A.B. asks: 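Structure incoming, see below.
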Amino acid sequence: MADMAKAVKRILVAIQNHEPIVIFGDYDVDGSVPQPCWWNSCENRRPGGLLHSGSLHRGIRPQRAAVRTLAQEYRLLIAVDCGISAVEEIRVANDLGLDVIVADHHQAPSEIPPAVACLDPHRPDCHYPFKDLCAAGVAFLLAAALRRALRESGGFATKPEPDLRELLDLVALATVADMVPLKGTNRTLVAIGLRLWGHVHDGGLLPCARSPM
Ligand SMILES: [Mn+2]
């Protein structure tokens, strides 16, 4: 996926430098699923790990006022299910020293925002073959790429590697709720995710109760 390597590189820098990262999500299921505790599990940390000061903000785009507020506390913002058309807002963030990574799935405008990385299968220059992912699907691919980079850099030398399949019940929920076509990669994500729902319910646990989320 276009810009995936850039996104992973910036998040690795944030992890190494213990920078707080903020997630800015749309207000629906798709934008809410990849919330901070979800990301913490990617690095196999308890809440308070990777996103130790993370919080979920709402909006179809990161409004300028919100960007100004967030720039006082954070150096990295990940916009999920929004951001691909937020050229002006991301320009403001850049001016304030707040780096932005976009993980979106909306139609990309002709001008891609000046973010550190813009993940969106609809970018004309993105050759990821499956275009119908929801934002949680895009975020899941980012999580997988981040885990691989952490593995290769010895990030799991002293702690167990997370099994990202545990996130797929929530990815399935977002995929269905966002009403993206249930074919290709989406079908695979939902099929595995639904099996996890069944397993979780059989075990009498709510998804949010399981470790390490
Ligand atoms: Mn969406």
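One-based numbering, in listed order, for ligands and for the atoms of each. This is a predicted model, so every value here is computed, not measured. Reckoned from all heavy atoms, side chains included, excluding hydrogens, waters and symmetry mates.
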A.B. asks: If you measure from the Lys or Arg side-chain nitrogens to the Asp or Glu carboxylate oxygens, is any gap between E166 and R147 under 4.0 Å?
C.D. replies: no
A.B. asks: Enumerate the protein N/O/S atoms at a distance below 2.8 Å from the Mn ion (ligand 1), ignoring waters.
C.D. replies: D30 OD2, D81 OD1, H105 NE2, D178 OD2
A.B. asks: Do the non-hydrogen side-chain atoms of I15 and L146 ever get within less than 4.5 Å of each other?
C.D. replies: yes
A.B. asks: Going by atom types alone, do H106 and D104 pair a side-chain donor with an acceptor below 3.5 Å?
C.D. replies: yes
A.B. asks: If the condition is salt bridge (Lys or Arg N to Asp or Glu O under 4.0 Å), which residues does K6 pass it with, not counting sequence neighbours?
C.D. replies: D3
A.B. asks: With the side chain counted from C-beta on, respond yes when I11 and L142 share a heavy-atom pair under 4.5 Å apart, and no when they do not.
C.D. replies: yes
A.B. asks: Please determine whether the number of non-hydrogen atoms from other residues, nucleotides or ligands lying under 6.0 Å from atom CZ of R165 exceeds 12.
C.D. replies: no
